[in-house]
Amino acid sequence: MRTAYHRRVPEISPDPSTGRDIASQYEPRRVEDVLYRRWVDRGYFTADAASEKPPFSLVIPPPNVTGSLHLGHALEQTLMDAVLRRRRMLGDEVLWLPGMDHAGIATQVLVEKHLAETEGKTRHDVGREDFVARVWRWKEEYGGKILGQMRRLGVGVDWSRERFTMDDGLSKAVQTIFKRLYEDGLIYRAERIINWCPTDHTALSDIEVDHADDEGELVSIRYGDGDRSVVVATTRVETMLGDTAVAVHPDDPRYAHLIGTEIELPLVGRMIPVVADAHVDPEFGTGAVKVTPAHDPNDFEIGQRHSLPMVNIMDEAARITAHGPFEGLSREDARHAVTAALREEGRIVAEKRPYVHAVGHCSRCDTVVEPRLSLQWFVRVEKLAKAAGDAVRDGRVTIEPPALKPRYFDWVDNMHDWCISRQLWWGHRIPVWYGPNGETLCVGPNDTPPAGDGWTQDPDVLDTWFSSALWPFSTMGWPARTADLSRFYPTSLLVTGYDILFFWVVRIMLFGLYAMDGEVPFRTVLLHGLVRDKYGKKMSKSRGNTVDPLDWMDSYGSDALRFSLARGANPGLDQPANEEWVAAARNSCNKMWNATRFAILNGATVEGDLPTELGPVDRWICSRLDEVTAEVDGYLASYEFAKATATLYHFVWDEFCDWYLELAKVSLTSGDDAAAATTRRVLGEVLDVSLRLLHPFVPFVTETLWTTLTGGESLVVAPWPQATGQRRDAAAEAEVAALQSVVTEVRRFRSDQGLRPGQRVPARLSGLDAAGVAPHEPAIRVLARLEAPTDGFAPTATLGIANGVTVELDLSGTLDVAAETARLGRDLATAEKERAQTEAKLGNADFLAKAPDHVVANIRDRAAIASAEIERITAQLAALRSRA
RNA sequence: GGGCGCGUAGCUCAGUGGGAGAGCACCCGCCUUACAAGCGGGGGGUCGCUGGUUCGAAACCAGCCGUGCCCACCA
């Protein structure tokens, strides 16, 4: 009985729980929510600390509580999810811990802005307690939007373990480590030059400052008079009001006579010393530098070395406080005013404008940072950073890709002490109390804060990154020795963008090694690149090229977004994102959908073992499947996401769909029931394995298809395919390649001849035996639309194919000689070029003597093939001419 | 100033000693019974420049040009 390989089936319920959904297009929105809820409800993502399975754990880089999903998150979470879904299928007990960061400045600024807009008040108007309460309310109302967006993306996080950096537990961890560091002398309070933002009115750490080349001015000023004068150059004229010395290099003969003397500071009239300091570069400018210890980090150090007074001339908003005509001016206005005054006194020697130099800006509001002398809390990092460097140096922590290791070392080996106090209200309050008699008391989580008159807590809060640095272990209950900690710590992997290597990764290393007695916080750090726009430009609101990933998920489905992001993810490199590529990925999902739909409608099955006796086509696809399984597994294991997805894409589309399915149709309609049954089983096999391999990247569509195809519970907990190598079959691969070349050549001929794709052409095939494709003649005829020769068969064209097959076609006398001549001419040129190149090599004695044997053999083969091609094509051209 | 990249088809990128590749875009022909979100066919690149190493260089080395990022206390 003849088996139809296709039959019309009415579209049935889209609910994958009720059975088979065989619409002709994949509709993501009909399955995504249902499946995600099911995965969560079934507890697939809930880690079991008591499990016997090997643990694999990862904490999510906590997004800002006020944030929303952007493409960077989507990429990062797609990569994490892909890694973890594979680990889960491999049988690991996977913990993926989600949560959010309170994001000190970012959140506070947002709420302050809201307060100003809605009530016209500042935070000072409402007071600290009320303001913090408002931030909490804001967080409850608007925060956490991103968590819902993560569900859309399909990420397998353990919602039962969700954490927030301001949770009680995490706050306790913050207090614990603060006290421990304090008692170890690794946290101290000191008056130092720090980066101050005059807009946000808070201290910043070094990495919260962005340097930019700005156009400024370089003004040279003469201090003192006559022999006792010196010219100094500065980009910040206004700071001269706070100068307390002039410094020169100790070995500079030009100024040797001035060292130790005093000269008069213009405008101010103060006498200031000339000091010798090796920091001064005699080559730069005049070789003399003004020293403002309270407003420049270098000058501060010179001041320390020479016990110079420190004169602070600015307030928190960077307005001049020095008494006199400039008091109250902004630093910018003061710069002009002071310059004008100096010019009037004839003290300006030179002015260079514009003068381009590096200027620090607040990374949050872009205000020019003011170096400011201020009493702040610091972490003494030297010892901690050394340990953090060693952990990578000795291989206990691996950084992927390794090319980014120099950046890591650059940071940990040159780190300055970390300023951790912030003059904000939203954050972890510094757990230190000051007593009425100058006492300082650090309070741990189990201590009772001091009470009574005169005791006050430090008003500042900690840098956001202080609590982020504890994230991998504070989220697991540290400092308590919890089951999660003993089971899942150290974490297996940290996935994050290289842009926060310093902000976060390094600081986790600092605190992690310290808090956990030298235990590393993670074994591997995987640094991914940034998502850029389709032209490779950085995405930013000001450029207007930002993309809301939800829009793309709405249009094309979560899987499409995930697949396109994974496909662009080459290790450590930035990647562009383009809506067209997401659309292409959507098309791929649809392709998988329809291929599986075809297979299911034709009775594909996964029941029972594969037949031991397989035909060459089945052996070929099984051979390729085994190879692809090995490749994809290897790529995923080494975080080569782009290669893993590209391999799958090409296998599924170019090999399975374009060739195997078409050949399967031949088998299914052949009337050979045994062959058809084998084909149905192989179809089921290839799809089963392919869907499992694809699942880490495109979980929704694969889950829908796989459960329908196999009746299995879920791909989330299905076993990960293992390549055995036993099905590799080079002979079958060669045989199918020969078949493909015949079909392709005929198709090419047909296209050149302008034959309609559907038109069947009578043809006689010969040489099939020698080419090893004799059993495939029926398939070749179907795929190339060639009919058996009829009674009046009169071939008008003879097509020679490189593998020795000849196809004679009866075109009813309509052969387009010109088109065919042109085609053969192009082929001939290609073959002649190949022959010339290969024979040139073979004529080179050095090549023959020095190149490895296999290379020489390969060139000989190619030369022979090229010669044969030339002969064949020449003969065909001659035949064509004689016909014309 | 130091460090790390990048420069390959119109666009975005793989390829890292031995036959120039992919996706998208483009051109031609097709609604051929899984899929027009599809099918078949096709065109397109002196691999930034110069020199070197080598039998052989897109790949390795040097220099140059262009470009991006990170770090940095040259007033």
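Sequence lines set the chain letters: A, B, ... in the order given, protein chains first and strands last, and positions in each chain run from 1.
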Tell me the partner of [N], counting only Watson-Crick (N1-N3 plus N6-O4 or O6-N4) or G-U wobble (N1-O2 and O6-N3) with both under 3.5 Å; none if nothing fits.
N       : answer
rG44(B) : none
rA22(B) : rU12(B)
rC60(B) : rG52(B)
rU67(B) : rG5(B)
rC39(B) : rG29(B)
rA72(B) : none

Query raised in the report: Will you find, in the side chains of Ser667(A) and Lys665(A), an N or O donor that is under 3.5 Å from an N or O acceptor?
Result: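 The criterion, which ignores hydrogens and geometry beyond distance, is not satisfied for Lys665(A) and Ser667(A).
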With rounding to the closest Å, how many angstrom separate the [atom1] atoms on [N] and [M]?
N       : M       : atom1 : value
rA59(B) : rG52(B) : C1'   : 15 Å
rC60(B) : rC4(B)  : P     : 15 Å
rU54(B) : rA62(B) : C1'   : 16 Å
rC55(B) : rG63(B) : C1'   : 26 Å
rA20(B) : rG56(B) : C1'   : 16 Å
rG15(B) : rG23(B) : C1'   : 15 Å
rG40(B) : rU32(B) : P     : 14 Å
rG21(B) : rC31(B) : C1'   : 32 Å

Requested in this report: Please tell me which of Asn594(A) and Arg823(A) maps to the more 5' nucleotide of RNA chain B, matching each residue to the nucleotide holding its nearest heavy atom.
Outcome: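 Closer to the 5' end of RNA chain B: Asn594(A).
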Query raised in the report: When the nearest nucleotide of RNA chain B is assigned to Leu755(A) and to Gly758(A) on a heavy-atom basis, which residue is associated with the more 5' position?
Result: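 So the residue in question is Leu755(A).
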Determine the contact category for [X]: base if any of its heavy atoms lies under 4.0 Å from a base atom, sugar-phosphate if only primed atoms, P, OP1 or OP2 are that close, otherwise nothing.
X         : value
Asp410(A) : sugar-phosphate
Glu662(A) : base
Thr744(A) : sugar-phosphate
Cys589(A) : nothing
Phe563(A) : nothing
Arg748(A) : sugar-phosphate
Asp299(A) : nothing

[X] has a side chain; which of [options] sits nearest to it?
X         : options                   : result
Trp411(A) : rA72(B), rA37(B), rA34(B) : rA72(B)
Asn844(A) : rG38(B), rC55(B), rC74(B) : rC55(B)
His279(A) : rA75(B), rG40(B), rA34(B) : rA75(B)
Pro297(A) : rC73(B), rG41(B), rC30(B) : rC73(B)

Rounded to the nearest angstrom, tell me the gap between atom [atom1] in [X] and atom [atom2] in [N].
X         : N       : atom1 : atom2 : result
Arg747(A) : rC30(B) : CZ    : P     : 17 Å
Arg407(A) : rG2(B)  : CZ    : C1'   : 13 Å
Asn414(A) : rC70(B) : CG    : C1'   : 13 Å
Arg785(A) : rG29(B) : CZ    : P     : 19 Å
Leu661(A) : rG40(B) : CG    : P     : 12 Å
Gln740(A) : rG40(B) : CD    : C1'   : 14 Å
Arg826(A) : rG41(B) : CZ    : P     : 15 Å
Lys405(A) : rC70(B) : NZ    : C1'   : 18 Å

Query - Crowding at CZ, Arg29(A) (>12 non-hydrogen neighbours, <6.0 Å) - result: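 Above 12, so yes.
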Query - Candidate pair Glu351(A) and Thr339(A), rule side chain to side chain contact (heavy atoms under 4.5 Å, CB included), full reasoning - result: CA-CA 10 Å; Glu351(A) 293 176 71; Thr339(A) 306; 4.1 Å; yes
Report task. Let me see the working for Asp853(A) and Arg860(A) under salt bridge (charged side-chain N to carboxylate O under 4.0 Å, His left out), right down to the final yes or no. Result -> CA-CA 10 Å; Asp853(A) 290 346; Arg860(A) 278 194 212 287; over 6 Å; no
Requested in this report: Indicate yes or no: does Arg760(A) engage Glu787(A) in a salt bridge with an N to O separation below 4.0 Å.
Outcome: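 The answer is no: the pair does not qualify as a salt bridge.
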Query raised in the report: Do you know which of Thr702(A), Asp559(A), Leu648(A) makes side chain to side chain contact (heavy atoms under 4.5 Å, CB included) with Phe697(A)?
Result: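 The passing option is Leu648(A).
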**Report entry** Pi-cation contact, Tyr498(A) with Arg407(A) (under 6.0 Å, within 45°)
**Finding:**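 Here Arg407(A) passes the 6.0 Å and 45° test against Tyr498(A).
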Query raised in the report: Regarding Arg507(A) and the six-membered ring of Trp418(A), is the cationic atom NZ or CZ under 6.0 Å from the ring centre and inside 45° of its axis?
Result: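 Yes - Arg507(A) lies over the ring of Trp418(A), closer than 6.0 Å to its centre and within 45° of its axis.
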Report task. Taking the side chain as every heavy atom from C-beta outward, state whether Arg567(A) and Phe641(A) have any atom pair closer than 4.5 Å. Result ->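 No. Closest side-chain heavy atoms not under 4.5 Å.
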Query raised in the report: Taking the six-membered ring for Trp, is the centroid-to-centroid distance between Tyr649(A) and Trp653(A) below 6.0 Å?
Result: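 Yes, they do, as the ring centres are separated by less than 6.0 Å.
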Query raised in the report: Between Tyr26(A) and rC35(B), does any side-chain N or O lie under 4.0 Å from OP1 or OP2?
Result: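 No, no such contact exists.
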Query - N/O (side chain, Lys591(A)) to phosphate O (OP1/OP2, rC39(B)) under 4.0 Å - result: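 Result: yes.
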Query - Sequence-aligned protein contact record of nucleotides 12-24 of chain B, with B where the base is within under 4.0 Å of a protein heavy atom and S where only the sugar-phosphate is - result: SSSS--BB--SBS
